[in-house]
Engineer: 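So that we are looking at the same thing, I have put the structure below in structure tokens.
Every value quoted in this text rests on a predicted model; they were computed, and no experiment measured them. This chain uses plain numbering: 1 for the first residue, then up along the sequence.
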Amino acid sequence: METLSTLAVTLDDVLSAQELLEGIIAKTPIETSRALGAQIGTEVYFKCENLQRAGSFKVRGAYVRMARLSAEERARGVVAASAGNHAQGVAVAAKRLGIRARIYMPVGVALPKLQATRSHGAEVVLHGHNVDEALAEAKRYADETGAVFVHPFDNPDVVAGQGTLGLEILEQVPGVDTILMGVGGGGLLAGVAVAVKAKAKELGRDIKVIGVQAENAAAYPPSLAADALVPLQSISTMADGIAVGLPGQLPFSIIRELVDDFVTVSEESLARALVFLLERAKLVVEPAGAVGVAALMDGKLAELGIDAKKTAVILSGGNIDPMLMLKVIQRGLAAAGRFFTVRMMLDDRPGSLATISRIIAENDANVTGVDHTRVGGSISMGDVAITIDMETRGHEHCEQVLRALRAEGFQPIVIHV
């Protein structure tokens with residue numbers, strides 16, 4: 001392993017960043033999750049950065065980067081590109097420092113994120129259909145006008161700022177032995193790894209640092225395997241905050257030296273984690289902020305052979321679009337077996353629907369929606385298609401309802417959300 005003092009960002013850099021952020025950011029709380037701890041057999045702590053100013057950790061790195069600009073650089077203003085969290089972090093920092101900020105966001109960005117960024121005083125320009133196109137335009141604007149480009153993760157000041165999260169965790173949970181967090185470009189993971197590994201060395205003990213990515217947006221595993229930056233050909237995940245197709249060069253150089261391992265989680269696991277956080281922890285977290293919780297619920301630490309005693313998970317952000325939340329809740333309930341939909345073909349005669357309703361009621365399921373269709377390409381004359389949405393108590397309860405329907409001669413087909 002490379003000597004900690006020779007990395008591009010060191011513990012001294014993180015400590016210096018912490019001094020800069022004193023009185024600027026919130027020292028976000030740590031919440032204990034007894035429910036998740038009992039499930040996986042370790043103490044679990046949530047670092048609630050979803051409660052940070054602007055709703056995510058991004059303000060830490062953005063402020064450190066911009067606070068170190070010269071007077072001449074500040075006069076030129078700053079420019080950034082983001083679909084949400086980095087945009088708001090830059091906007092908050094710019095307002096605090098009195099710097100003019102121009103931020104490019106993709107066309108179609110979630111309205112709450114757009115409004116929040118503007119409310120902090122930044123000029124927002126909608127450009128392109130994804131973050132990469134907005135990023136290219138932001139760089140072009142910087143080259144053309146001299147505005148300072150504030151990169152979301154590939155900058156030493158940004159990485160150092162994000163690393164202050166690691167210092168707070170060590171202070172709030174002194175005995176922590178494992179820390180998990182989501183990874184996009186890698187700025188947060190790199191910064192936390194620098195702070196935690198250096199402090200662990202001083203304490204003479206080992207603290208595992210684990211990166212978590214959505215399985216359809218996991219750029220780090222192939223890049224680490226190749227020991228070079230490998231771009232993803234496609235990305236598809238609800239976790240837009242970590243939907244980055246190419247790691248940052250600076251974070252990558254740190255992560256390959258310090259981070260213990262990477263795991264990935266599915267979209268279904270993400271949805272379950274978000275519902276768990278809402279129900280059991282009473283916390284609103286965006287998908288990118290919940291990947292660490294999803295990894296724990298999936299038993300990823302056990303798969304890695306890690307026998308953790310005190311595990312901290314960084315809930316990195318809480319900026320979720322309410323419309324996405326509605327979809328995620330339904331998907332999460334379906335993934336947990338608490339909501340499911342069945343479709344059946346029936347003879348079009350009186351009494352069939354009443355029989356189905358009786359069977360469902362006798363098995364303590366709750367009907368939330370019914371679609372009754374006589375016309376369609378796959379429906380024969382004299383038949384009717386019935387689609388029923390139900391609330392259930394879990395996968396075993398779903399199977400109980402299905403068995404009861406089949407016992408009465410029906411042939412239900414489960415429709416996956």
Side-chain angles (χ1 to χ4, degrees), residues 1-2 4 7-11 13-14 17 46-47 49 52 56-58 60-62 64 85-86 89 151-170 176 178-200 207-215 217-225 227 229-230 232 237 239 241-265 286-296 300-301 304 306 311-317:
M1 180 180 290
E2 188 173 341
L4 284 162
L7 293 171
V9 178
T10 66
L11 177 60
D13 296 323
V14 180
F46 295 149
K47 176 59 172 171
E49 202 66 3
Q52 184 56 262
S56 88
F57 71 95
K58 288 287 190 177
R60 295 173 182 263
V64 173
N85 288 346
H86 181 57
H151 199 285
F153 48 81
D154 211 357
N155 176 274
D157 289 331
V158 170
V159 170
Q162 320 303 29
T164 58
L165 253 172
L167 298 179
E168 288 184 17
I169 291 172
L170 294 178
V176 67
T178 308
I179 303 176
L180 292 87
M181 70 210 77
V183 189
L188 174 64
L189 181 62
V192 170
V194 166
V196 168
K197 291 296 186 178
K199 282 292 187 179
I207 302 176
K208 301 290 186 187
V209 177
I210 310 296
V212 187
Q213 295 198 292
E215 63 183 23
Y220 264 90
S223 294
L224 290 168
D227 197 28
L229 301 187
V230 178
L232 294 180
T237 178
I242 55 173
V244 178
L246 184 68
Q249 182 62 63
L250 174 63
F252 179 79
S253 69
I254 295 171
I255 287 169
R256 68 182 175 185
E257 300 296 335
L258 300 184
V259 172
D260 294 280
D261 222 322
F262 270 82
V263 296
T264 62
V265 294
E286 64 188 271
V291 291
V293 175
L296 290 182
K300 296 293 185 179
L301 288 186
L304 294 174
I306 297 175
T311 300
V313 185
I314 297 176
L315 307 181
S316 57

Engineer: What distance separates I242 CD1 from N85 CG, expressed to the nearest 0.5 Å?
Structural biologist: 11.0 Å
Engineer: To the nearest 0.5 angstrom, please state how far the NZ atom of K199 sits from the CG atom of L167.
Structural biologist: 6.5 Å
Engineer: Can you see which heavy atom on L188 is nearest to which on G182, and at what distance?
Structural biologist: CD2-O, 4.3 Å
Engineer: Sub-3.5 Å donor-acceptor pair from the side chain of E49 to the main-chain atoms of I314, do we have one?
Structural biologist: no
Engineer: Taking side chain as C-beta onward, heavy atoms only, is V259 less than 4.5 Å from Y220?
Structural biologist: no
Engineer: Where do A243 and A217 come nearest, in terms of heavy atoms and distance?
Structural biologist: CA-CB, 4.3 Å
Engineer: What's the separation between atom CG in D260 and atom CD1 in I255, rounded to the nearest 0.5 Å?
Structural biologist: 12.0 Å
Engineer: Mind listing the closest non-hydrogen atom pair of P247 and L229 along with its distance?
Structural biologist: O-CD1, 3.6 Å
Engineer: Return the CZ to CG distance between R60 and L165, rounded to the nearest 0.5 Å.
Structural biologist: 4.0 Å
Engineer: For T178, which of L304, V313, I210 qualifies under side-chain contact (heavy atoms from CB on, under 4.5 Å)?
Structural biologist: I210
Engineer: Do L189 and F262 come within less than 4.5 Å of each other through their side chains, counting heavy atoms only?
Structural biologist: yes
Engineer: How many angstroms lie between CE in M181 and CG in L315, if you round to the nearest 0.5 Å?
Structural biologist: 11.5 Å
Engineer: Mind running side chain to side chain contact (heavy atoms under 4.5 Å, CB included) on V209 and L258 for me, showing each step along the way?
Structural biologist: CA-CA 8 Å; V209 177; L258 300 184; over 6 Å; no
Engineer: With the side chain counted from C-beta on, respond yes when V14 and T164 share a heavy-atom pair under 4.5 Å apart, and no when they do not.
Structural biologist: yes
Engineer: Would you say K58's side chain and S316's backbone share a donor-acceptor pair under 3.5 angstrom?
Structural biologist: no
Engineer: For residues V158 and P152, report the shortest heavy-atom separation together with the two atoms involved.
Structural biologist: CG1-O, 3.5 Å
Engineer: Between S253 and L250, is there a side-chain heavy-atom distance shorter than 4.5 Å?
Structural biologist: yes
Engineer: Got a donor-acceptor contact below 3.5 angstrom from the Q213 side chain to the V183 backbone?
Structural biologist: yes
Engineer: Where the side chain of Q162 meets the backbone of G61, is there a donor-acceptor pair that is under 3.5 Å apart?
Structural biologist: yes
Engineer: Keeping D154 on the side-chain end and Q249 on the backbone end, is there a donor-acceptor pair under 3.5 Å?
Structural biologist: yes
Engineer: Rounded to the nearest 0.5 Å, what's the gap from CG on L180 to CD1 on I306? Could you check?
Structural biologist: 7.5 Å
Engineer: Any idea which heavy atoms bring G185 and P251 closest together, and the distance?
Structural biologist: O-CB, 3.8 Å
Engineer: Which heavy atom of K208 sits nearest a heavy atom of K197, and at what distance?
Structural biologist: CA-NZ, 4.3 Å
Engineer: Below 4.5 Å, heavy atoms only, C-beta onward: do V293 and L296 meet side chain to side chain?
Structural biologist: no
Engineer: Less than 4.5 Å apart, any side-chain heavy atom of V196 and any of V176?
Structural biologist: no
